[in-house]
Visitor: 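This structure is in structure tokens; I'll ask about it shortly.
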2 protein chains.
Amino acid sequence: MSSRESSRPVHVRRHSWALTRMRGAGHRNTRPRALVLGVLARADGHLTAEAVHQRATASGSLNPSTVYRALALFERLQIVHTLVIGGRVTYGLADHPHAHTVCDTCARVTALPEGELGDLAGLVRRNLVGFVPAGIIIRGRCATCPPPRHA
Amino acid sequence: MSSRESSRPVHVRRHSWALTRMRGAGHRNTRPRALVLGVLARADGHLTAEAVHQRATASGSLNPSTVYRALALFERLQIVHTLVIGGRVTYGLADHPHAHTVCDTCARVTALPEGELGDLAGLVRRNLVGFVPAGIIIRGRCATCPPPRHA
DNA sequence: CTCTCTGCAAATCGTTTGCAGGGTT
DNA sequence: AACCCTGCAAACGATTTGCAGAGAG
């Protein structure tokens, strides 16, 4: 959170990365879309559409359905990718490839930076000929969660 | 499909594995539950709740809500695992650990038997201390799908 | 016999959609 | 000016839930 590693804060760079991609595909830079991207660029982790809407609302009003439409567009353009956490669809900026761990118990999500797992993506590419990996999700139980009681 | 590798067909063994687990947790072996397990035991791949209901109906009537309740129970007991494919929740028997590839374009799912990816689970366990992996999902684009056109 | 489980039907709620006006290029 | 995008409100559809009766142990 020191935010002085570069002249441009990280979230600004992520935001403009997404913006460039969107504009490059011929889509307009509107206020609602900018609000959504701003939220996603600042989020460290994945957010539900509802959470995106709530946070975006703090900076200006916009309609939930517009959030859904924006997110659907961004997903199609591969600006965001989705992840289901605790039964809810969540969205996160797809600006750098990474794997996620998702705890089945507490629903906590951890992003694993590249290299954290050796070269997992490379392993996949090497073994699955023709398959282009876009994301890796590891479900399980995180260290701090108690094992599920057999009810 | 030769189905004579053992005296007990595979689906029977899978079914009774699940049954044992369910009974062991103190739940009753009812006809609807048996129907659902029968479907899952025979399925090679993941099915939506709706598909489970349709197939189960072929062997006897049961209510959709009962299917949902059964699947929720099985998930809680870790008898089944869920996977979101093309925006729909799908269910599969969790009798042996394996990874899945999910194609973002055609929604096709491929189960990777253990060992297919080297020891992916072992790699995860080694690098994520304390995290107990229960499943690995690799999203991406399969060899037969065209790359998404930038719309 | 007791307590769980099921069927039924209504309620829920995240998400989608049609349409007319507004904003971006 | 042309066309894309948004707000609004209604529609949608998968999943959940309350309740009374049926069935498993």
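It should be emphasised that the depicted structure is a prediction, and the values quoted were computed from it without experimental measurement. In the text below, chain A, chain B and the rest are named by the order of the sequence lines, each starting its count at 1.
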Visitor: I'd like to know whether CZ of Arg31(B) has more than 12 heavy-atom contacts from other residues, nucleotides or ligands below 6.0 angstrom.
Guide: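 Result for CZ/Arg31(B): enclosed.
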Visitor: Rounded to the nearest angstrom, tell me the gap between atom OH in Tyr68(A) and atom P in dC13(C).
Guide: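 My rounded result for the distance is 13 Å.
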Visitor: Val36(B) vs Tyr91(B), test: side chain to side chain contact (heavy atoms under 4.5 Å, CB included). Steps then yes/no.
Guide: CA-CA 11 Å; Val36(B) 170; Tyr91(B) 301 83; over 6 Å; no
Visitor: Check the distance between dC5(C)'s P and Asn29(B)'s CG and give it to me in whole angstrom.
Guide: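 Going from Asn29(B) (CG) to dC5(C) (P), I get 11 Å.
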Visitor: Does Leu62(B) share a hydrophobic cluster with Met22(B), counting links as ILVMFWY side-chain heavy atoms below 4.5 Å and allowing steps through other members?
Guide: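 Linked within one cluster.
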Visitor: Closest-nucleotide mapping onto DNA chain D: is Pro32(A) or Arg23(B) further toward the 5' terminus? I mean the 5' end.
Guide: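 This one resolves to Pro32(A).
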Visitor: Calculate the interatomic distance between Arg33(B) atom CZ and dG23(D) atom P; express it in whole Å.
Guide: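 Atom-to-atom, Arg33(B) to dG23(D), this comes out as 15 Å.
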Visitor: How many Å lie between CE on Met22(B) and C1' on dA24(D), as a whole number?
Guide: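 Result: 11 Å.
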Visitor: Mark yes or no for a side-chain to base donor-acceptor pair under 3.5 Å between Arg69(A) and dG7(D), with no hydrogen or angle criteria applied.
Guide: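 A donor-acceptor contact between them is present.
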Visitor: Would you say dT17(C) has OP1 or OP2 under 4.0 Å from some side-chain N or O of Ser65(A)?
Guide: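 No, outside the criterion.
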Visitor: Closest approach to the side chain of Arg88(B), judged atom by atom: which nucleotide of dT15(C), dC5(C), dA14(D) is it?
Guide: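 Looking only at heavy atoms from C-beta outward on Arg88(B), the closest nucleotide is dA14(D).
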Visitor: To the side chain of Thr66(A), which of dC5(C), dT15(C), dT6(D) is closest?
Guide: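 So the side chain of Thr66(A) is nearest to dT6(D).
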Visitor: Work out which heavy atom in Leu47(B) is nearest to a heavy atom in Ala51(B); give both atom names and the distance.
Guide: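 So the minimum-distance heavy-atom pair works out to CB-CB, 4.2 Å.
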Visitor: Determine: side-chain N/O of Asn63(A) to OP1/OP2 of dC8(D), distance under 4.0 Å, yes or no.
Guide: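 For dC8(D), OP1 or OP2 has a side-chain N or O of Asn63(A) closer than 4.0 Å.
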Visitor: Return the value, rounded to whole Å, for the distance between atom NE2 of His53(A) and atom C1' of dT6(D).
Guide: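 Those two atoms, NE2 and C1', are 12 Å apart.
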Visitor: Provide, to the nearest angstrom, the distance between the CG atom belonging to Leu73(B) and the C1' atom belonging to dT4(C).
Guide: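 Leu73(B) atom CG is separated from dT4(C) atom C1' by 11 Å.
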Visitor: Within the structure, does a side-chain N or O atom of His27(B) lie under 4.0 Å from either OP1 or OP2 of dT4(C)?
Guide: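 So the side-chain polar atoms of His27(B) never come under 4.0 Å of the phosphate oxygens OP1 or OP2 of dT4(C).
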Visitor: How close do Trp17(B) and Gln78(B) get, counting heavy atoms only, and between which atoms?
Guide: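 For Trp17(B) versus Gln78(B), the nearest heavy atoms are CH2-O, 4.3 Å.
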Visitor: Kindly indicate whether the side chain of Arg28(A) and the base of dC3(D) share any N or O donor-acceptor pair separated by less than 3.5 Å?
Guide: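 When only heavy-atom distances are counted, Arg28(A) does reach the base of dC3(D) through a donor-acceptor pair under 3.5 Å.
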Visitor: Can you tell me how far P of dT16(D) sits from CZ of Arg76(B), to the nearest Å?
Guide: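 Those two atoms, CZ and P, are 13 Å apart.
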Visitor: To the nearest Å, give me how far apart CD (Glu50(A)) and P (dT15(C)) are.
Guide: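 For the pair Glu50(A) CD and dT15(C) P, the rounded distance is 8 Å.
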Visitor: Please compare Arg31(B) and Pro64(B) by the position of their nearest nucleotide in DNA chain D and report the one closer to 5'.
Guide: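 The residue mapped nearer the 5' terminus is Pro64(B).
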Visitor: On the nucleotide dG14(C), are OP1 or OP2 found under 4.0 Å from the side-chain N or O atoms that Thr48(A) carries?
Guide: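 No, Thr48(A) has no side-chain N/O under 4.0 Å of OP1/OP2 on dG14(C).
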